[in-house]
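For reference, the structure is listed below as structure tokens.
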Number of protein chains: 2
Amino acid sequence: MRSTSLTEAFPAHTPAASQIFTTVLSHGPLTRSEIAGRTQLSAAAVTKAVRPLIEAGYLVEDVAEDARQPVLGRPANPVRVDGGRALFLGIKVTGDELIAVLTDLCCRIRVARRVPLTSREPKAVLTSVAGLVQELLTEADGFGVQVRGLGIAVSGDVDRAAGVVRYSPFLEWRDVPLAELAATTTGLPVTLDNDVRALTVAEQWFGAGVGLSDFALVTVGAGIGCGLVVHGQVVAGAHGVAGEIGHVAIDPAGPRCHCGNRGCVEAIASDPAIVGRIREVTGASVADATAALALAHDGDPGAREVYARAGAAIGRGIATVANLLGPERVIISGEGLAAYDLFAEQIRDAFAAAAFGSAADCDVQTRPLPFEEWARGAAATAIQSFTTSDAR
Amino acid sequence: MRSTSLTEAFPAHTPAASQIFTTVLSHGPLTRSEIAGRTQLSAAAVTKAVRPLIEAGYLVEDVAEDARQPVLGRPANPVRVDGGRALFLGIKVTGDELIAVLTDLCCRIRVARRVPLTSREPKAVLTSVAGLVQELLTEADGFGVQVRGLGIAVSGDVDRAAGVVRYSPFLEWRDVPLAELAATTTGLPVTLDNDVRALTVAEQWFGAGVGLSDFALVTVGAGIGCGLVVHGQVVAGAHGVAGEIGHVAIDPAGPRCHCGNRGCVEAIASDPAIVGRIREVTGASVADATAALALAHDGDPGAREVYARAGAAIGRGIATVANLLGPERVIISGEGLAAYDLFAEQIRDAFAAAAFGSAADCDVQTRPLPFEEWARGAAATAIQSFTTSDAR
DNA sequence: GGCCCTTATTTTCTGCTGTCAATGAAAGAA
DNA sequence: TTCTTTCATTGACAGCAGAAAATAAGGGCC
């Protein structure tokens, strides 16, 4: 066990130090002069900010890599984040299970766990969360490092600053102060955020959004969601709602959506929408998305057509985002990606057709993010809170 | 004439001073303690930042308003921007005319001018701009204050930082370094920006967007455009394209748009689209938007129906923006607002139907902005450059 | 090995910003 | 007149970040 106490603060008290740490965290090992270049700070400022971070053990100097080609002048000393210096927990709460991960400071998953939920009542969920946290804290003891924060991700309208779930349709919650409740129960600092935004933070810091100031993350699956990063910050929306690409209406003649509207992307391309439509079209008794996928892979033309339409809907939705925001990149992810071979072409075609002018230059890429990634996103928000809270 | 030279810099060298000036500019007269509250700075910092601005004449202390109700304690001394301290020019370049305004530092229009364009060639336009600037500079002499900057607004893909018009369909320009050309010709510091973004800046600083960190400005007219402010900054897009609400596709069965796609908002609700559709539907020989409007106001049911559809399209477009970004407010403006009584209801209904969850809490308001406002927007960008350039 | 060249990092010094706490100012109230 | 209240200013000070100069750490060359 380390001798550090839980109250020990992260030693990045200045914006510069905070920025430097984040830069190193995202961009792997960097020499001090590379840091200076990236952050627009002077080399002197970097030296001064890095020292306390190294002394506190959050950064370490890389041992000289032998593989480095010899260059003129004094060799540079790369610095990197010591992932093992701290641990974090991330929990994604869905309607019927909890997915949890224990990660290190670099947000690498060390342990993953799933627990089914028996009830959606806040109290019952809280109990399950507490149990899961206890379990993972025990695991964490094995690493000899303290867990410094817990991130919780919930779908729906979540107020991160207040730590309150304003409204979650899946859980049927309204105004549940989950952050405070969980903090009291677990004794850990808790960061609560919307699930898609949490995943977006993880992508921004550790994934395909690294270094980009404007990108979008589209998740395809049971619902269609979208996390947006504009001006380098995750968009939260003035009323807590943003990135609702699933309810962008692309066809007035389309199927009715559970939101009451017609032709939402989600009413065409979400797993339930696809399954339902395949049932209608083929008459087959398709149980779930897996069965639907199997049917389409078996070559059923009706099923394939449904997937094709879904792809076109997603492509149009993405084009809408591109037309409005002009992001540098769009990352497509989610469980629905399992069907990617069935609608990739349609996504691409619909996007290309509907994107206006140079908005079409936007780089659209796919990235399979296993379900644990959502929990990892929650952990990323905890890391974010930990490394910036004291630095405001 | 003042004794100040053109090279005299704006005396806000620190971020704090810049922020304070902008706050006072947008929020009218403010006492020092109100400034401190709004900017999260200490009262001492405000005092120190305000002094040089007052000494340089950019801020003045309001004479005590007698109408103020007597309050306990020392009366506060409100400070406001002295609009008369500097003048700016703004020019909006359209396909067939130049619209120019001379404004003061508070962006109040002092003189407005219009000049038809005989050619769209960059050289010819530049000559017209130079002539117009000369004329307005002469007018400005009458005020005894120097003109400190020129803003130029052009529709299309404009790179503000580089001062280059990348591509303007209306002018048929590609990669014209207009800022540099105009600066050389006129001897003024030139700020070049996209027209909708310029108008958005004006709204953000002086209009219905004051104090909001997230809002959208939708312009309806010959085209349908949209300026977005997210996290307090105007969105420019990674590839120079953003806010293309006009090319958000809302109906796969809709009319073909000049962009090649089907069912774009612009293909349904722009002036040319409305005029064309009214011709089709009624068979009447409608010359332009004014004639179309007259026909609808006369009660022609076909024409009214076309406007109703246009309203629904705009409402759906706005709902798309609200779903994706969750802005606090959407401001609808543009020449097309002349027909507002014909589609207001449809805009509202379509928006309410298509907005998801609390995205519908977004405040949708209309604001008639006469055509000179576009030129005023250009002037606002010049003011922005002037007051922040030296401040880093 | 000694010396020079180059690049990386650190040190030292300095300017400057913004905060803190105390003080002055300008009313109305007692 | 004196007190109270609120607004504004002052002066001391901590601390950040930049500039320039110094130092470190290699390789190459004689």
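Naming: A, B, ... by sequence-line order, numbering from 1 per chain.
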[X] [atom1] - [N] [atom2] separation (whole Å):
X	N	atom1	atom2	answer
A:Asn77	D:dT23	CG	P	19 Å
B:Glu61	D:dA8	CD	P	8 Å
B:Lys48	D:dA8	NZ	P	16 Å
B:Ile54	D:dA8	CD1	P	11 Å
B:Gln19	C:dT17	CD	C1'	13 Å
B:Leu41	D:dA8	CG	P	15 Å
B:Ile20	D:dA8	CD1	P	13 Å
A:Ile35	C:dT10	CD1	P	10 Å

Cation-pi check, A:Arg329 onto A:Phe215 ring (under 6.0 Å, within 45° of axis): no
5′-ward residue of the pair A:Glu34/B:Ala17 relative to DNA chain C: A:Glu34
Which nucleotide in the set [options] lies at the smallest distance from any side-chain heavy atom of [X]?
X	options	value
B:Ala44	C:dA27, D:dA19, D:dT10	D:dT10
B:Ala76	D:dG18, D:dA25, D:dA8	D:dA8
A:Arg74	D:dA17, C:dT19, D:dA25	D:dA25

Would you say the side chain of [Y] lies within less than 4.5 Å of the side chain of [X], judging by non-hydrogen atoms?
X	Y	value
B:Asn194	B:Arg160	no
B:Ile383	B:Trp205	yes
B:Asp104	B:Phe143	no

Sugar-phosphate, base or nothing in reach of B:Ala16, heavy atoms under 4.0 Å: sugar-phosphate
Sugar-phosphate, base or nothing in reach of A:Ala45, heavy atoms under 4.0 Å: sugar-phosphate
For [N], does either OP1 or OP2 sit under 4.0 Å from a side-chain N or O belonging to [X]?
X	N	answer
A:Arg51	C:dT11	yes
A:Ser33	C:dT9	yes
A:Thr14	D:dG15	no

Test item: A:Glu203 side-chain N/O and A:Ala208 main-chain N/O as donor-acceptor pair under 3.5 Å: yes
